[in-house]
Protein chains: 2
Amino acid sequence: MSNEGDTQISELEREIIDFFVNAATAFGIPKSVGEVYGIFFTSEEPLALDDVTQKLQISKGSASQGIRFLKSINALNSVYLTGDRRDHYTAETKLRDITDGFIKERIRPQLQSSSERLKILKNTKKSKHLTSQLNTLESWTKKGKLVLPFVSKFLGSNEPQKII
Amino acid sequence: MSNEGDTQISELEREIIDFFVNAATAFGIPKSVGEVYGIFFTSEEPLALDDVTQKLQISKGSASQGIRFLKSINALNSVYLTGDRRDHYTAETKLRDITDGFIKERIRPQLQSSSERLKILKNTKKSKHLTSQLNTLESWTKKGKLVLPFVSKFLGSNEPQKII
DNA sequence: CAGAGTGTTCAAGAAATAATGAACAATTTG
DNA sequence: CAAATTGTTCATTATTTCTTGAACACTCTG
């Protein structure tokens, strides 16, 4: 029966949420997911599902799915509040944790399946030119896989980086 | 009046094109753009607009827009063929060139506008918590900007990389 | 154990995005 | 300079993707 959740969000909060909506869209993630992360990010207190629906005025379904996705990439942390059986979360704000989750759940599987498909294609009869192009693609996926840990490490550090 | 363009594409070529359709989708780029790059990538000879429409069976509009986008990120190279006034292109296959084009045309502008919007928000009156969150966001965009040249260099090299 | 509280699922509708193709502008050719 | 060739634009249509909300399952609580 909680009812402090329907607090209006401020203009600044809305701006910050929009920041995440933009970012989400850029990463091919639904707008509503960006909003959900945004509301957690702006909130000092842990929020539950219906706080999200009330503050953002989105459906329970969207909020539920948004939270699930954000949990899957470690962008939300569970918080247990005594005397309230709703699940509460706070935004994870360590960029590296979120990046790692995103890489692990979204990028790696995609790269992996691409490189597996390529492997199969290498066994087919083909022209010189296509052989060469397949080798090019193979090197691309390899580089893709190799760059990920470096991006992760880079985003996790607080110091300037150098490439040697 | 050229008419060698209506050659059927092979099963393997279709697979390679699908590879790019997948990749394009993952980057939030329309399927048709992936197809267009794919047909150039598989072709040994330079192709013109109507070769693309015939081989892929897509509309002239899609092909034209796909080519324009691909040129804008340096994924296609112009080739001038004497005795044919149509524009011809080949696929650029240096990963770094394409990556750089994509970063310059798509990613940097997005990051830039985000960080400008953030700068404005920093001047508004706000709570301790939101001040702190805005600082977090600022550090994220900074790291984003810094990581790009690193990714570019990494993808351009043929040697293993280390971070120091 | 009936009723209330909480979260999930997924079919249907709404919204956003992409593809088409006809009209057009620009250029070249005979 | 008329006709043909080439490529672009953009309103319309088609497709894909997202959001909604009602039905459901599960868990608590009195």
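Both backbone and side-chain heavy atoms feed into the values below; hydrogens, waters and symmetry mates do not. A, B, ... follow the sequence lines: proteins, then strands. Residue 1 opens every chain.
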_In whole Å, I'd like the distance from the CD1 atom of Ile67(B) to the C1' atom of dG7(D)._
9 Å
*By the rule that ILVMFWY residues connect when side-chain heavy atoms come within less than 4.5 angstrom, directly or transitively, which residues belong alongside Val79(B)?*
Leu81(B)
*In terms of the angle between their ring planes, are Tyr37(A) and Phe20(A) parallel, tilted or perpendicular, with boundaries placed at 30° and 60°?*
perpendicular
*Using atom OH of Tyr89(B) as one end and atom P of dT6(D) as the other, report the distance to the nearest whole Å.*
14 Å
*Under the criterion side chain to side chain contact (heavy atoms under 4.5 Å, CB included), which of Asn77(A), Asp84(A), Thr90(A) is the partner of Pro46(A)?*
Thr90(A)
*pair Leu155(B)-Ile98(B): side-chain heavy atoms closer than 4.5 Å*: no
*To the nearest angstrom, how far is Asp50(B) atom CG from dG21(C) atom P?*
16 Å
*Within this structure, what is the OH-to-P distance between Tyr80(A) and dT6(C), rounded to whole angstrom?*
16 Å
*Given that Gln57(A) and Asp87(B) both sit by DNA chain D, which one's nearest nucleotide is further toward the 5' end?*
Asp87(B)
_Heavy-atom protein contacts under 4.0 Å, nucleotides 21-30 of chain D, coded B base, S sugar-phosphate only, - none_ = B-----BS--
*Aromatic ring centroids of Phe102(B) and Phe27(B) under 6.0 Å?*
yes
*Rounded off to whole Å, could you give me the CG-to-P distance for the Asp51(A) and dG5(C) pair?*
15 Å
*Whole-Å distance between dT29(C) C1' and Asp84(B) CG?*
14 Å
*Just jot down the salt bridge (Lys or Arg N to Asp or Glu O under 4.0 Å) partners of Asp87(A), sequence neighbours excluded, or say none.*
none
*Could you work out which one of dT20(D), dT20(C), dT8(D) sits closest to the side chain of Ile58(A)?*
dT20(D)
Please list, one pair per line, the donor and acceptor atoms closer than 3.5 Å that link side chains of residues 10-17 of chain B to other protein atoms, with sequence neighbours excluded.
unit_1: Ser10(B); atom_1: OG; unit_2: Glu13(B); atom_2: N; d: 3.1
unit_1: Ser10(B); atom_1: OG; unit_2: Glu13(B); atom_2: OE1; d: 3.3
unit_1: Glu13(B); atom_1: OE1; unit_2: Ser10(B); atom_2: N; d: 2.7
unit_1: Arg14(B); atom_1: NH2; unit_2: Asp18(B); atom_2: OD1; d: 3.4
unit_1: Arg14(B); atom_1: NH2; unit_2: Glu35(B); atom_2: OE2; d: 3.3
unit_1: Glu15(B); atom_1: OE1; unit_2: Arg117(A); atom_2: NH2; d: 3.3

*Measure from CD on Gln54(B) to P on dT6(D) and round the result to the nearest Å.*
11 Å
_Could you check whether any side-chain N or O of Ser139(A) sits under 3.5 Å from a backbone N or O of Thr136(A), counting only pairs where one atom can act as donor and the other as acceptor?_
yes
_Lys122(A): salt bridge (Lys or Arg N to Asp or Glu O under 4.0 Å) partners, not counting sequence neighbours_ = Glu138(A)
*asked:* So if I take residues 28-36 of chain A and measure heavy-atom distances to DNA chain D, which residues fall below 4.0 Å?
replied: Pro30(A), Lys31(A), Ser32(A)
_Atom-to-atom span, CZ of Phe69(A) to C1' of dC18(D) - whole angstrom_ = 14 Å
